[in-house]
Number of protein chains: 2
Amino acid sequence: MIHKLDMFIAVAKEGHFGRAAESLGITQPTLSTGIKQLEEMLGVQLIFRGSRYGGLTPEGQRALVWARRLVGDARTFREEMRVSRHGLSGHLRLAVIPTALTWAAKLSARCAVRHPKIRFTILSRTSVEILKMLDNLEIDAGLSYLDNEPLGRVTTTPLYTERYTLVCHSDNPLALQSEVTWADLSGETLCLLTPDMQNRRIINQCFMEADVTPDALVEANSTVVLAALVEQGGWVTVLPSDSARFLASGKRLSIVPITGGHVEHTVGLVAPYREPHTPVLDALLSEAVRLAAA
Amino acid sequence: MIHKLDMFIAVAKEGHFGRAAESLGITQPTLSTGIKQLEEMLGVQLIFRGSRYGGLTPEGQRALVWARRLVGDARTFREEMRVSRHGLSGHLRLAVIPTALTWAAKLSARCAVRHPKIRFTILSRTSVEILKMLDNLEIDAGLSYLDNEPLGRVTTTPLYTERYTLVCHSDNPLALQSEVTWADLSGETLCLLTPDMQNRRIINQCFMEADVTPDALVEANSTVVLAALVEQGGWVTVLPSDSARFLASGKRLSIVPITGGHVEHTVGLVAPYREPHTPVLDALLSEAVRLAAA
DNA sequence: AAAGATCAATCGAAATCTTCTATTGAAGTG
DNA sequence: CACTTCAATAGAAGATTTCGATTGATCTTT
C-alpha cells in the first residue's frame, strides 16, 4: 500500500510514467500496474490517461493529499525507529532561499557540532520551489520567508528579520553616505536576483513604493554573481544585511543601509506539519530556536 | 507495511499471538513471521518474547502509537475513496455508555434519515472501554462523558448535560415529593449500575458529598435491569433524566428530580483525533452538532 | 499524408514474497 | 514427570511483484 502510494506521488510529481518510474528505480510497466492496482484497490480512477498522462482526477487530487501524508508519516516512523538504535544520526535535506544561505550554514554548523552523526544536504532554491519540495517529501525542511506568501500546512520557526542594504564598490560616491533611500538608487546600474525569487519581488515593491522603476541590467539567481559583479565596479545591488556582510568582507565593497518604507520580512525554518517530527528534524528545529534566541 | 502494522496492533491488543492471529483471520505462524519481518524492517525489537508473549519493548510502545495512526489514516483514506464512488454509505460503529443509549438511538435515527445508506452498530460499553476501543480502531466514535476523566487524543462534540433523577415505584411515598435530596435516599433499597461505570462513580460521589453511604443491593451494567427491578416494587434507582423518562414511560414508575450539590456532567460524541475524518463520521458529527443545538 | 518518435498498456516468464500445514522446542502447570 | 500452552521454524503451495519485450495509440515532423 505505502509502496503504491509512493508510485502515485512520483507520477503526480513528474506528470510522466516513464520519468516517475526512473525516479523510483523501477521499470515503467511495474509502475503502470502499480497505479492500476492502487486504482482497483481504492475503486476509483486516480489519473486521466489515454495512451499518455492526462493529469489527476478529482479523486486523484484528494488521494494525493492522503498519499503524501501516509508516506510521510511512514518515513517519519521508520526514521524514528532507526534513530532509536543508531542514535541521532541520519540525513537532513534542506532547501534555502539564496539570501538565507549564510544562515543555513550557521544553523547546520551548530547542529552538526551538537549532533556529529547528522549529514546535511543544502540546496539553494526559490521559496516556491521550497514549498513544493516539502510537499513532495524531497526535503525535510526549508529556510524561507515566513510571511508575505501563502505557506501550506507547515510549522514555522522564525530566525531573523531581513534588513536591506545597498552593496556598491568602495569607489562609488554612495559608499560615503551613512545611509541611502530607495529613491537614491534610481540612477545606478543595478544587478538583482531574478524575479522568480521572492526577495526580488520584495525589492521591486520597495522600489515601487518609492516611485522608482528599478532597471536591473543583470539578473541572476545567485548572490555570488551579484557580489562579483559589484566588485568589478560600476554595478550596485541590494541584499539583506547578513548576506551583504558576508559577501563584501575582504573585498573593496561597501555596505550602506537603506532607509525608508519597507515592510519587515521574517525568514525562518519551514518544516512539514506533522506531529511528531523525525528526531533529526526535531534536533534542527530546537537548534533553530536557540539560534533565533541568540 | 500497513498490513504488518495491523498485525502488530492486534498482538498488542490481545497480548497473545494465537488470539491475535484468530482475530485477523490468519494463522499463528503467518502472524509470527509478520511481526518478525516488521521488526527486521524497522531494525528494532518490538515485543519481548521467549516462547511466549512478554509485552512491548519501549520501542514497541512508541511504534504502537505510529501503527495506530498509520492504520487509522489508511482506513480513513480508503473509506473516503469508497464514499466518493458509492455515495455516503458505509458502516458506523458506536460504543455508548448505558445512560446515553437513548441519545445514541436519537442520534443514529436522525443520521439514518438524512443518510439512508449508512449502517450502524451500537454497543453498550463503559467509558473506559470506549476510549480503548477508539484507540484500537474497533469503533468509529463513542458517546461518553466529556469531562471528569482523562480522554486521550480525541475530538469531542458536547450533546447534553446529565441531571440525576430518582426513579421509584409510583406506590413509593417519595413519588409524591416534587423533589428529593441525595440524603433522602439513605434508607431506600437501591439498585445502581456497576462501579466500573463512570455514572456509578459520579453517583457515589454525590452520595458521599451528602454524607450518605449508598448501599446498592443489586448492581447491573444495564439500565433495563434497574428499571425492571424498580417496577417490581420496593427498589429505587438513580438515573439521568433522559434515561429515566424513557424507561419509566408506560409503567407504574415515578421520576423525582434530585436536588443538591452535584457537578454537571457533559455527555457527548467522542471521535479519534484525525483530520480529516471519514465522510461517514463527519456526517455523524454534524448531526450531533445539530442535535445539540436543538 | 507518411514516417518517425513518444508514451503508456499489455503479455508472459522469472523472481520474490506470503501464507499455509505440520512440527518443534521451550516454558509453565498440576 | 507427564501434560498443556504458546510461539518459532521448516517446507511446500500459492499469490504477487517485477521485468523485458512488444503493442497500440497519439503526437510531431517532414
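These values consider heavy atoms only, across backbone and side chains, with no hydrogens, waters or symmetry-generated copies. Chain letters run A, B, ... following the sequence lines, proteins first and then strands; every chain starts at 1. Just so we're clear, the structure is a prediction, and the values are computed from it rather than from any experiment.
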- [ ] For D/dT18, take OP1 and OP2 only and decide whether either is under 4.0 Å from a side-chain N or O of A/His3.
- [x] yes
TODO: Indicate whether any N or O donor in one side chain lies under 3.5 Å from an N or O acceptor in the other, for A/Ser32 and A/Gln28.
DONE: yes
Throw together a table of side-chain donor-acceptor distances under 3.5 angstrom for residues 280-287 of chain A, partners on residues two or more places apart or in other chains.
{"unit_1": "A/Ser286", "atom_1": "OG", "unit_2": "A/Asp282", "atom_2": "O", "d": "3.2"}
{"unit_1": "A/Ser286", "atom_1": "OG", "unit_2": "A/Ala283", "atom_2": "O", "d": "3.0"}
{"unit_1": "A/Glu287", "atom_1": "OE1", "unit_2": "A/Arg114", "atom_2": "NE", "d": "2.8"}
{"unit_1": "A/Glu287", "atom_1": "OE1", "unit_2": "A/Arg290", "atom_2": "NH2", "d": "3.1"}
{"unit_1": "A/Glu287", "atom_1": "OE2", "unit_2": "A/Arg110", "atom_2": "NE", "d": "3.3"}

Task: Set of residues satisfying side-chain hydrogen bond (donor to acceptor under 3.5 Å, both in side chains) with respect to B/Thr99, sequence neighbours excluded - done: B/Glu162
Open item on the list: Checking B/Lys4 now: which residues fulfil side-chain hydrogen bond (donor to acceptor under 3.5 Å, both in side chains) with it, not counting sequence neighbours?
Closed with: B/Gln37
- [ ] Return yes if some donor-acceptor pair links the side-chain N/O of A/His115 with the main-chain N/O of A/Lys117 below 3.5 Å, else return no.
- [x] no
Open item on the list: Take a 6.0 Å sphere around OH of B/Tyr273 and say whether it holds more than 12 heavy atoms from other residues, nucleotides or ligands.
Closed with: no
TODO: Might you confirm whether atom NZ of A/Lys36 has over 12 heavy atoms from other residues, nucleotides or ligands at distances under 6.0 Å?
DONE: no
Measure the distance from [atom1] on [X] to [atom2] on [N] and round it to the nearest whole Å.
X	N	atom1	atom2	value
A/Leu38	D/dT17	CG	C1'	15 Å
B/Glu40	C/dT18	CD	P	11 Å
A/Glu22	D/dT18	CD	P	17 Å
A/Glu39	C/dA8	CD	P	13 Å
A/Met7	D/dC19	CE	C1'	12 Å
B/Leu24	C/dC20	CG	C1'	16 Å

Under a 4.0 Å threshold between the charged nitrogen and the carboxylate oxygen, would [Y] count as salt-bridged to [X]?
X	Y	result
A/Glu39	A/Arg49	yes
A/Asp6	A/Arg75	yes
A/Arg82	A/Glu79	yes

Pairs: protein N or O with nucleotides 14-16 of chain D N or O, under 3.5 Å:
none

Task: Nearest-0.5 Å distance that lies between atom CZ in B/Arg78 and atom CE in A/Met1 - done: 4.5 Å
List, with names and distances, any nitrogen or oxygen atoms from the protein found under 3.5 Å away from nitrogen or oxygen atoms belonging to nucleotides 5-10 of chain D.
{"unit_1": "D/dT5", "atom_1": "O2", "unit_2": "B/Arg52", "atom_2": "NH2", "d": "3.0"}
{"unit_1": "D/dC6", "atom_1": "OP1", "unit_2": "B/His16", "atom_2": "NE2", "d": "3.3"}
{"unit_1": "D/dC6", "atom_1": "O5'", "unit_2": "B/His16", "atom_2": "NE2", "d": "3.3"}
{"unit_1": "D/dA7", "atom_1": "OP1", "unit_2": "B/Phe17", "atom_2": "N", "d": "3.2"}
{"unit_1": "D/dA7", "atom_1": "OP1", "unit_2": "B/Tyr53", "atom_2": "N", "d": "3.4"}
{"unit_1": "D/dA7", "atom_1": "OP2", "unit_2": "B/Phe17", "atom_2": "N", "d": "3.1"}
{"unit_1": "D/dA7", "atom_1": "OP2", "unit_2": "B/Gly18", "atom_2": "N", "d": "3.2"}
{"unit_1": "D/dA7", "atom_1": "O4'", "unit_2": "B/Ser51", "atom_2": "O", "d": "3.4"}
{"unit_1": "D/dA8", "atom_1": "OP1", "unit_2": "B/Arg49", "atom_2": "NE", "d": "2.2"}
{"unit_1": "D/dA8", "atom_1": "OP2", "unit_2": "B/Ser32", "atom_2": "OG", "d": "2.5"}
{"unit_1": "D/dA8", "atom_1": "N7", "unit_2": "B/Gln28", "atom_2": "NE2", "d": "2.8"}
{"unit_1": "D/dA8", "atom_1": "N6", "unit_2": "B/Gln28", "atom_2": "OE1", "d": "3.1"}
{"unit_1": "D/dT9", "atom_1": "OP2", "unit_2": "B/Lys36", "atom_2": "NZ", "d": "2.9"}

Task: Five-pair end axes of the helix from C/dA1-D/dT30 to C/dG30-D/dC1 and the angle they enclose, rounded to 10° - done: 20°
